[in-house]
Amino acid sequence: MKLERHSKIVELIGKYEIETQEELAEYLNKEGFNVTQATVSRDIRELKLSKVQMDNGRQRYVVLQNQDSFSDKYIRILRDSFMSMDMAQNILVIKTVEGMAMAAAAALDAIHFHEIVGCVAGDNTIFCAVRSVDDTIILMDKLKKILAG
């Protein structure tokens with residue numbers, strides 16, 4: 001039943017712009033799944049769904065692409081080494097703990113963010129060439145979510 005419900009959740013968030021857990025629970029109940037908000041909350045965590053901002057400023061649940069390739073090892077490297085990030089047009093500058101920039105850059109490469117064209121790392125600084133200014137903002141948002149856990 002859980003697998004069917006998870007499959008339905010992915011289908012529903014692909015079909016509708018679902019903003020809240022309560023809204024998702026309503027859709028699931030209409031589809032014949034008797035769920036509570038607590039069940040939906042657990043499902044969202046298990047499916048590792050994220051909220052992204054739409055063009056109209058509202059948010060919706062999505063399944064991020066490449067999520068399966070986010071190895072715990074690479075995420076741990078990013079979290080352990082990260083100090084700050086800032087953008088300069090389509091270049092994302094990431095500051096790391098001393099000596100960790102190359103490991104963090106390798107982790108970014110391994111995750112295969114579509115937005116990143118390539119990274120150059122020094123001792124504590126990474127320059128990420130990003131496809132566009134808009135992609136830099138999207139990438140920063142993705143990284144903030146990963147770093148926040």
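Transitive grouping of hydrophobic side chains (ILVMFWY, heavy atoms separated by less than 4.5 Å) keeps Phe127 and Leu139 in distinct clusters. In the hydrophobic clustering of this structure, Met87 does not group with Val117; members are Ile, Leu, Val, Met, Phe, Trp, Tyr whose side-chain heavy atoms approach within less than 4.5 Å, directly or through other members. Linking Ile, Leu, Val, Met, Phe, Trp and Tyr residues whenever their side-chain heavy atoms come within less than 4.5 Å leaves Ile111 and Ile138 in two separate clusters. Taken together through direct or relayed side-chain contacts under 4.5 Å among Ile, Leu, Val, Met, Phe, Trp and Tyr, Leu147 and Leu108 form part of one hydrophobic cluster. Taking hydrophobic clusters as Ile, Leu, Val, Met, Phe, Trp and Tyr residues chained together by side-chain heavy-atom distances below 4.5 Å, Ile44 does not share a cluster with Met54.
Val130 places none of its side-chain heavy atoms less than 4.5 Å from the side chain of Ile91. Looking at Val10 and His6, their side chains never come closer than 4.5 Å, going by heavy atoms from C-beta outward. Residues Leu49 and Ile9 have side chains in contact (heavy-atom distance under 4.5 Å, counting atoms from C-beta outward). When side chains are defined from C-beta on, Val52 counts as touching Arg60, because their heavy atoms get closer than 4.5 Å.
Every residue was checked against the side-chain contact (heavy atoms from CB on, under 4.5 Å) condition with Val120, not counting sequence neighbours, and none meets it. Every residue meeting the side-chain contact (heavy atoms from CB on, under 4.5 Å) condition with Met85, not counting sequence neighbours, appears here in chain and number order: Phe82, Leu92, Ile94, Met140, Leu143, Lys144. Every residue two or more places apart in sequence or in another chain was checked for a ring pair (Phe, Tyr, Trp, His ring centres under 6.0 Å) with Phe33, and none qualifies. Evaluation of the side-chain contact (heavy atoms from CB on, under 4.5 Å) rule for Thr39 yields Arg5, Val35, Thr36, Arg42, Asp43 as partners, not counting sequence neighbours.
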| task | Using the side chain to side chain contact (heavy atoms under 4.5 Å, CB included) rule, take Thr125 and Thr96 through it: C-alpha gap first, then chi angles, then the decisive distance, then the call. | result | CA-CA 6 Å; Thr125 305; Thr96 69; over 6 Å; no
| request: Dump the intermediate steps for side chain to side chain contact (heavy atoms under 4.5 Å, CB included) on Asp123 and Glu98, then the final yes or no. | output: CA-CA 6 Å; Asp123 189 48; Glu98 292 293 326; 2.6 Å; yes
| request: List the steps and the verdict of salt bridge (charged side-chain N to carboxylate O under 4.0 Å, His left out) for Glu31 and Lys8. | output: CA-CA 9 Å; Glu31 294 285 334; Lys8 183 56 76 173; 3.4 Å; yes
| Residues Asp109, Tyr74; criterion side chain to side chain contact (heavy atoms under 4.5 Å, CB included); working and verdict | CA-CA 10 Å; Asp109 288 341; Tyr74 298 125; over 6 Å; no
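No more than 12 heavy atoms of other residues, nucleotides or ligands shown are found within 6.0 angstrom of CG on Asn34.
Of all heavy-atom pairs spanning Ile126 and Ala104, the tightest one is CD1-CB, 3.6 Å. Between Ala101 and Gly122, the shortest heavy-atom distance links the atoms CB-O, 3.3 Å. In this structure, Ile13 and Tyr61 approach most closely via the heavy-atom pair CB-O, 3.7 Å. Annotation for Met83 and Val97: closest pair CG-N, 3.5 Å, computed over non-hydrogen atoms.
Separating the CD atom in Glu11 from the OH atom in Tyr27 is a distance of 12.0 Å, to the nearest 0.5 Å. Considering CD1 of Ile116 and CZ of Arg131, their distance stands at 10.0 Å, rounded to 0.5 Å. Once rounded to the nearest 0.5 Å, the distance linking NZ of Lys95 with CG of Asn124 reads 5.0 Å.
Residue pairs meeting the salt bridge (charged side-chain N to carboxylate O under 4.0 Å, His left out) criterion with at least one member in residues 15-30, sequence neighbours excluded, are Glu19-Arg58. Annotation: side-chain hydrogen bond (donor to acceptor under 3.5 Å, both in side chains) contacts involving residues 78-91, sequence neighbours excluded, are absent.
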